[in-house]
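Take a look at the structure below.
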Amino acid sequence: MQHIDKIYLNGEFVTPHGEEYFTLYNPATEEAIGRVRLADEVDAERAIAAAKAAFPGWSKTRKAERIEVLQRMHNAVVACEDALLDAIVTEYGAPKVRGRWMAQYPADVIAQAIETLENFEFVEQAGHAQVIMTPVGVAGLITPWNSNAGFICNKLATAMAAGCTAVIKPSEMSAIQTQIITEALHKANIPAGVFNIITGRGEVVGDVINHHPDIAKISFTGSTAVGKHIVASSAQSLKRVTLELGGKSPTIILDDADVAQSVPLVLAAGFMNSGQACVAGTRILVPRSRQTEFERAIVEAISTIQTGDPRDEKTEIGPMVSQKQWQRVQDYIRLGIEEGATLLAGGEGRPCGLEKGWFIKPTLFCGHNQMRIAREEIFGPVLVLIPYDDEAEALAIANDTHYGLSALVLSGDHQRGIRLAQQIESGRVMVNTLAHEPKAPFGGFKQSGLGREMGKWGMQAYLEAKAIMAG
Ligand code: NAD
């Protein structure tokens with residue numbers, strides 16, 4: 001059992017004022033693996049005060065000084081990759097191959113922030129005006145459990161590059177990963193108060209951040225429901241808000257797509273991160289003329305997917321993060337059956353031979369786009385195949401959603417795929433690839449978010465433009 005009983009305030013590990021303990025579980029075995037003492041409202045107030053006190057100094061640092069500090073952060077985070085991988089697999093159940101990517105991502109995004117800062121122009125001329133990009137103030141950074149360390153590092157490095165100081169409220173379910181990252185960041189010798197990390201409940205610590213007049217900006221990654229709550233509760237002080245929220249992303253298979261090339265991409269997109277990915281391609285749009293062929297090929301490929309022990313290199317789908325998430329996914333599978341969708345693979349209950357652990361059978365339905373299983377984010381390995389008659393209908397179905405985070409187009413004709421991509425209402429559209437591009441802006445249309453992270457777009461979100469006109 002790991003006991004985590006400190007938060008990080010003003011450059012030091014300190015005992016929180018909060019006295020509540022939260023139990024951490026290994027989702028593959030259901031065993032309790034740790035306890036974390038949670039921060040409360042008093043701790044949140046202290047963290048905000050520390051970040052506020054550090055802001056005048058940090059916001060005046062020069063680009064070269066910030067790069068030096070970020071470089072130290074990068075080195076420290078690179079050094080904790082193996083410990084992080086172990087924590088990601090144990091605490092969250094990410095399959096090892098995916099977990100390795102997730103353990104490298106925190107250092108990668110710090111490197112990206114350094115590159116952005118190196119190329120960023122803080123002062124520009126606009127006619128007679130000099131435009132100065134000015135750090136917005138103290139940023140409240142709130143992360144989810146499904147890539148906690150990566151989101152902490154991305155948000156923090158970008159905020160610091162812009163000259164902001166930060167209060168970070170990580171997911172309470174990721175306390176072991178948070179501890180590893182916090183220890184690494186501490187070693188980077190960052191000026192006290194520039195970052196503060198307080199693990200606590202969203203409705204306690206999060207709500208102090210949402211309302212506090214000394215928080216100028218919130219960057220949140222998590223569910224659309226909590227994102228809406230943050231917008232409403234931060235409106236009183238008109239905080240700048242960046243939201244990275246949920247999705248129900250379409251994978252559009254065009255009628256000229258090759259089955260053998262397409263199916264691995266369809267399933268990699270759909271079952272990414274055991275289905276617990278905001279960008280997962282959970283609606284698979286197939287041309288009716290080739291429906292049987294694709295259905296067969298996808299069902300056959302699902303039957304070969306290994307679900308189980310995330311430490312096994314061959315495992316592609318690990319457990320759901322919690323019992324609650326397992327139950328939620330089970331409820332959606334039942335709902336799909338009740339809604340009249342055809343169950344093509346998987347279904348209710350645990351996969352054969354797995355009595356312990358929050359495992360789900362990789363599940364494929366065939367249905368239509370008005371079903372709740374095709375409209376709501378399930379956040380598990382549950383996909384819906386939706387037949388369409390022509391390309392216009394495929395586009396209409398793809399865009400008929402409240403979300404707009406990501407999309408995948410599969411076509412034998414690259415240019416045709418790109419033409420369709422241009423018409424999809426989504427922050428990212430991939431054509432015949434799942435390759436990630438960290439230099440490109442990341443974020444959602446519609447209810448998938450507000451604003452963008454990554455690159456200069458992400459950096460601008462921590463800055464105010466000030467125009468100075470001199471006579
Ligand atoms: P969640 O919204 O339940 O929680 C996210 C964070 O918000 C946690 O730290 C939580 O404690 C905190 N929170 C909860 N209530 C709060 C409140 N009232 N005020 C402030 N903070 C509060 O999400 P989750 O279950 O941790 O993560 C899964 C969700 O995140 C999914 O919907 C997924 O699509 C989304 N997500 C989006 C992206 C993206 O980049 N768009 C990436 C990963 C995950």
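Both ligands and their constituent atoms are indexed starting at 1 by order of listing. Small disclaimer: the values here were computed from a predicted structure and weren't measured.
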Requested in this report: Could you tell me whether some N/O pair between Thr143 and ligand 1 is separated by less than 3.5 angstrom?
Outcome: yes

Requested in this report: Hey, can you tell me if Phe195 and Tyr8 have their rings parallel, tilted or perpendicular (30° and 60° cut-offs)?
Outcome: parallel

Query raised in the report: Can you tell me the protein heavy atom closest to atom 28 (C) of ligand 1 and the distance?
Result: Phe379 CE2, 3.6 Å

Query raised in the report: Does Ser448 have any side-chain contact (heavy atoms from CB on, under 4.5 Å) partners at least two apart in sequence or in another chain, and if so, which?
Result: Tyr403, Leu405

Query raised in the report: To the nearest 0.1 Å, how far is atom 18 (N) of ligand 1 from its closest protein heavy atom, and which atom is that?
Result: His229 CD2, 3.2 Å

Query - Winner among Cys278, Gly140, Gly202 once heavy atoms are compared against atom 14 (C) of ligand 1 - result: Gly202

Report summary line: Counting from 1 in the order shown, the ligand 1 atoms closer than 4.0 Å to a non-hydrogen atom of Phe151 are 42 (C), 43 (C)

Query raised in the report: Closest non-hydrogen protein atom to atom 7 (O) of ligand 1, residue and atom name please, with distance?
Result: Phe220 CE1, 3.1 Å

Query raised in the report: Which pair of heavy atoms, one from Pro170 and one from Thr143, lies closest together, and at what distance?
Result: CA-OG1, 3.2 Å

Report task. Identify, for atom 27 (O) of ligand 1, the protein heavy atom at the shortest distance, and state residue, atom and that distance. Result -> Pro144 CB, 3.3 Å

Query - Per-atom contacts of ligand 1 with Ile142, taking only distances under 4.0 Å to non-hydrogen atoms - result: 6 (C), 7 (O), 9 (O), 12 (C), 20 (C), 21 (N)

Query raised in the report: Just wondering, more than 12 heavy atoms not from Gln306 lying within 6.0 Å of its CD?
Result: yes

Requested in this report: For Ser426 and Ser406, indicate whether the former's side chain and the latter's backbone hold a donor-acceptor pair under 3.5 Å.
Outcome: yes

Query - Geometric N/O contact Trp145 with ligand 1, under 3.5 angstrom - result: yes

Requested in this report: Determine whether the aromatic ring centres of Phe379 and Trp145 lie less than 6.0 Å apart.
Outcome: yes

Query raised in the report: Heavy-atom count around His229 NE2 within 6.0 Å, excluding the residue itself: above 12?
Result: yes

Query raised in the report: What protein heavy atom sits nearest atom 10 (C) of ligand 1, and how far away is it?
Result: Lys169 NZ, 3.8 Å

Query raised in the report: For the residue pair Ala87 and Ile176, what are the closest heavy atoms and their distance?
Result: CB-CG2, 3.8 Å

Requested in this report: Count the heavy atoms of every other residue, nucleotide or ligand shown that sit under 6.0 Å from CD of Glu19, and state whether that count exceeds 12.
Outcome: no

Report task. Flag Thr221 as yes when one of its N or O atoms lies below 3.5 Å from any N or O atom of ligand 1, and as no otherwise. Result -> no

Query raised in the report: Would one find an N or O of Arg201, backbone or side chain, under 3.5 Å from an N or O of ligand 1?
Result: no

Report task. Could you check atom 34 (O) of ligand 1 against the protein and tell me its nearest heavy-atom contact, residue, atom and distance included? Result -> Glu377 OE2, 2.6 Å

Report task. With atom 35 (C) of ligand 1 as the reference point, say which of Ala225, Gly222, Gly246 has the nearest heavy atom. Result -> Gly222

Query - Under the side-chain contact (heavy atoms from CB on, under 4.5 Å) test, residues paired with Ala49 that sit two or more places apart - result: none

**Report entry** Verdict with reasoning, Thr401 to Lys248, per side-chain hydrogen bond (donor to acceptor under 3.5 Å, both in side chains)
**Finding:** CA-CA 7 Å; Thr401 168; Lys248 195 74 195 179; over 6 Å; no

**Report entry** Numbering as shown, the atoms of ligand 1 that approach Leu405 to under 4.0 Å (heavy-atom distance)
**Finding:** 41 (N)

Query raised in the report: Below 3.5 angstrom, do we get any N/O pair linking Leu245 and ligand 1?
Result: yes

Query raised in the report: In Å and rounded to the nearest 0.5 Å, what is the CD1 to OG distance from Ile252 to Ser262?
Result: 12.5 Å

Query raised in the report: Looking at ligand 1, does any of its N/O atoms fall within less than 3.5 Å of an N/O of Thr224?
Result: no

Report task. Report, as yes or no, whether the 6.0 Å neighbourhood of atom NE2 on His17 holds more than 12 heavy atoms from other residues, nucleotides or ligands. Result -> no

Query raised in the report: So, does Ser171 sit close enough to ligand 1 that a heavy atom of it is under 4.0 Å from the ligand?
Result: yes

Query - Part of Glu172 within contact of ligand 1 (heavy atoms, under 4.0 Å) - result: side chain

Query raised in the report: Hey, is NZ on Lys6 packed in by over 12 heavy atoms from elsewhere, all under 6.0 Å?
Result: yes

Report task. Determine if the distance from atom 4 (O) of ligand 1 to the closest protein heavy atom is below 4.0 Å. Result -> no

Requested in this report: Identify the protein heavy atom lying closest to atom 19 (N) of ligand 1, giving its residue, its atom name and the separation to 0.1 Å.
Outcome: Asn210 ND2, 3.0 Å

Report summary line: atom 2 (O) of ligand 1: closest protein heavy atom, distance to 0.1 Å, is Ser223 OG, 2.6 Å

Report task. Mark up the atoms of ligand 1 that fall under 4.0 Å of a heavy atom belonging to Asn146, in ascending order. Result -> 43 (C), 44 (C)

